[in-house]
Amino acid sequence: MPTDLLADLTDEQQAAVVHGEGPLLILAGAGSGKTRVITRRVAYLLQQGVRAGSILAITFTNKAAGEMRQRVDAIVPGNKLWICTFHSLGARLLRQYADRLNIDKNFTIYDVDDRNKLVKDALDATGMDNTKFTPDRLGGAISKAKNQLLTPKQFEQQAHDFFSQTAAKVYHGYEKRLRAANAMDFDDLLYLPALAMRYNEELRADLDSRFKFVLVDEYQDTNSAQYEIARRLSLNYPNLCVVGDPDQSIYKWRGSDIKNILDFERDFPAAKVITLTQNYRSTKAILHAASTVIDQNKHRKKKMLVTANPQGDPVTVLNFNSGLEEAEGVVERIKKAVAEKRNHYRDFAIFMRINALTRTLESAFVKHGVPFQIVKGLAFFDRKENKDVLAYLRLLVNPDDTVSFLRVVNEPPRGVGKTSLDRLVSYANRNEISLMNAAGSVAKIPEIKGKASSGVRDFYRIITDLRTQLEHPPHELIAMVLDKSGYRKSLQDSTDEEDADRLANIEELVTAAKQYYDEDNSRTLGDFLEQITLASDVDSWDETADHVSVMTLHAAKGLEFPVVYLLATEQGLLPHERSLAKDEDVEEERRLFFVGMTRAMKELYLCHARLREFRGQAMYQVPSMFLDELPPDVVRQDISQDRNFARGAIDEWRQKAGYGNPNFLPGPAERPRKMEPTGASGDPSEFFVGAVVQHDEYGIGQITDLSGFGALRRVKVRFPAAGEKTFVADKAKMKVVKRK
DNA sequence: CTGCTCGGCCTTTTT
DNA sequence: GGCCGAGCAG
């Protein structure tokens, strides 16, 4: 009954669904029913008699994968097709083909923290000055290299500057350590399968014929490694269907390459291209506003979105005095709307550019008793106590896991300090054995004695004993770990009040493991651990509960809400200050703004505050340049939130800031270094970092730095036209225009 | 030698 | 506001 699958679709959508064999590119504008099309297409293929096992659908998050699986299952029940993310596909392939790839299938997946620890170790081992480059930066460079499928050798050959050369050295050592720990980092999950398919033609051909139909969602955000995988799965059976929207590409910083989607037709000359431009989500006002903004991007294929939806309310710009008032104001407005029965809490979403902004919001929600969920999936598993327990579990599955070993060998304290640990590590390195094996023969290491020695021995026994219990379900294993390791006892005996909370959190972990197991009894501890590590932020989001959803713009991709509030649309935050130097980066920020706007179905509020606290420092904020790009005919300014919004000085400064002036980066581009304690210098003026000042000669500017005392006190001010100037504070002919 | 506390440093976005 | 390293006490 294929007609059922097509009945409610437009001609364009139908064409995409019924496309048979051969490459297919679906350019799907925001809100054009992309998910529906891709789901129907899978169902259609199944109805056409394509075996479920030969379809592979790749989504951006596990949550999207789960939803698609449900939808496909509702149409064609009991199918067994692969729907997963690129990363979980990689993990699955690596475990399934472990023998052919000569790897141990019990590998642990390292997250960025774990990675950085190994990077730091590798960096230290090079004996180079390690103060210059942080493990984080070096790890980032290595990650980028892997995403481009560069081996340590290849990366080294093209490393010409000092940083890259350092990174290349560290990359070598890092890889050695990863393999020794039997661990994979996130990038390996793409890098290794991609390279395997590039150099192992037999394996590649097997997979190609296994997955005759490959569908990739959010194709605009694929990186080189992902591209390689998709491409090599589609050589003999080029039935690759990719769906995406170049205007929603927001992961360039993570190595994604917009060219993958722009060049699809070059890669597959036979490709059929279908463009979906009908928007079903937003009002005309919202769509017009969003389209006008995205149209400012120079490097863009023009594309018009249209909707048959009503005009709707204008997009509203809300001005607030401070970040605090912004949070309060938004929460109050939401509370009011619900009290007046205009909406449910679940209708609302609040987006922001950076996670740090959720904090003030959280207290406002608590204060007003408004239910909310901050969509930050890993927050729970990121807690120290849970990370500790997970480290024990990882060690059970993979005793070679160095990072986990070091994390819990002395947790709870077993008298194994840094010195003893260093000795254990060097013994293990000397003998080329894992830390766990070294721990097993701690009696043979004379430098480790007394309490440290017995502590290591005890730890070894605990892990070894627990390893014999591996066939138990995950939640039971966690309980055993808690008892045998003494972790539970240590928390129970503690006088620290927080330890009671920690214990409660661990109990929640047990519950989570039990739920996971109850859903499917064949799931192992290893599966549980993998699922946690590969979980994305939105995976934990519960859209059915009646609460306000709070998330970053990145997490918001693919979602929709009746009412959207976008916080802190301020220069320096959106666009983020780190992007201001390059046009292409600003364009990505604009796409991010566009993604946020197009999530809204009925109402869209863009908020900004004049004053915002950063790390304890109050900073004057300039409204985002993107707000100036909004079409006036569908936008309303609402300054009712801001009882004494002082336009004068700020506006003048902002005007002079001139976004076109390349010598001036508006917003708090320069971060304040240090603030002297007020009054300590007896400074007569009231200068503070972030203050807007009026200078006799240079006009309006903003203080970016203060230093020194008394007569030596210096104040640095950034002026729109003149750039940055430093004055002796006592002598500076200027005054603070706007006080704190 | 271990373990705790204090202070200095940095903070985009994520699988 | 959170993490790491240094410094100090037991």
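Throughout, a chain's letter reflects where its sequence line sits, starting with A, and its residues are numbered from 1.
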On the nucleotide [N], are OP1 or OP2 found under 4.0 Å from the side-chain N or O atoms that [X] carries?
{"X": "A:R414", "N": "B:dT2", "answer": "no"}
{"X": "A:S579", "N": "B:dT12", "answer": "no"}
{"X": "A:T552", "N": "B:dT12", "answer": "no"}
{"X": "A:R578", "N": "B:dT12", "answer": "yes"}
{"X": "A:N410", "N": "B:dG3", "answer": "yes"}
{"X": "A:N223", "N": "B:dT15", "answer": "no"}

Pairing residues for [X] by the side-chain contact (heavy atoms from CB on, under 4.5 Å) criterion, not counting sequence neighbours:
{"X": "A:R407", "answer": "A:K117, A:K384, A:K387, A:D388, A:A391"}
{"X": "A:L324", "answer": "A:S322, A:T360"}
{"X": "A:S420", "answer": "A:V416, A:I448, A:A452"}

Inset, instruction - Name every residue in residues 83-93 of chain A that has at least one heavy atom under 4.0 Å from any atom of DNA chain B, in order of residue number, or write none if there are no such residues. - result: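 Only A:H87 qualify.
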
Inset, instruction - Kindly state whether the ring of A:Y251 and the ring of A:F60 have centres lying under 6.0 angstrom apart. - result: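 Distance test on ring centres: under 6.0 Å, yes.
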
Legend entry - Centroid under 5.5 Å and tilt under 30°, A:W253 to B:dT13: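 Yes; by the centre-distance and plane-angle rule, A:W253 counts as stacking on B:dT13.
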
Just checking [X]: base, sugar-phosphate only, or nothing, at a heavy-atom cut-off of under 4.0 Å?
{"X": "A:K418", "value": "sugar-phosphate"}
{"X": "A:D187", "value": "nothing"}
{"X": "A:R115", "value": "nothing"}

Inset, instruction - For A:E588 and for A:T419, find the nucleotide of DNA chain B with the closest heavy atom, then tell me which residue's nucleotide is more 5'. - result: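 It is A:T419, whose closest nucleotide lies nearer the 5' terminus.
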
Legend entry - Closest-nucleotide ordering on DNA chain B, the 5'-leading residue of A:F60 and A:K451: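 Per heavy-atom nearest nucleotide, the more 5' residue is A:K451.
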
Legend entry - Residue pair A:N505 / A:E385, side-chain donor-acceptor N/O under 3.5 Å: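 Yes, a side-chain donor-acceptor pair sits under 3.5 Å.
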
Inset, instruction - From the options B:dG3, B:dT13, B:dT15, select the nucleotide whose nearest atom is closest to the side chain of A:P413. - result: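 Looking only at heavy atoms from C-beta outward on A:P413, the closest nucleotide is B:dG3.
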
Inset, instruction - Not counting sequence neighbours, which residues clear side chain to side chain donor-acceptor pair (under 3.5 Å) with A:H87? List them please. - result: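 None.
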
Inset, instruction - Please name all residues satisfying side chain to side chain donor-acceptor pair (under 3.5 Å) with A:Q296, sequence neighbours left out, ordered by chain then number. - result: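 Partners of A:Q296 under the side chain to side chain donor-acceptor pair (under 3.5 Å) test: none.
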
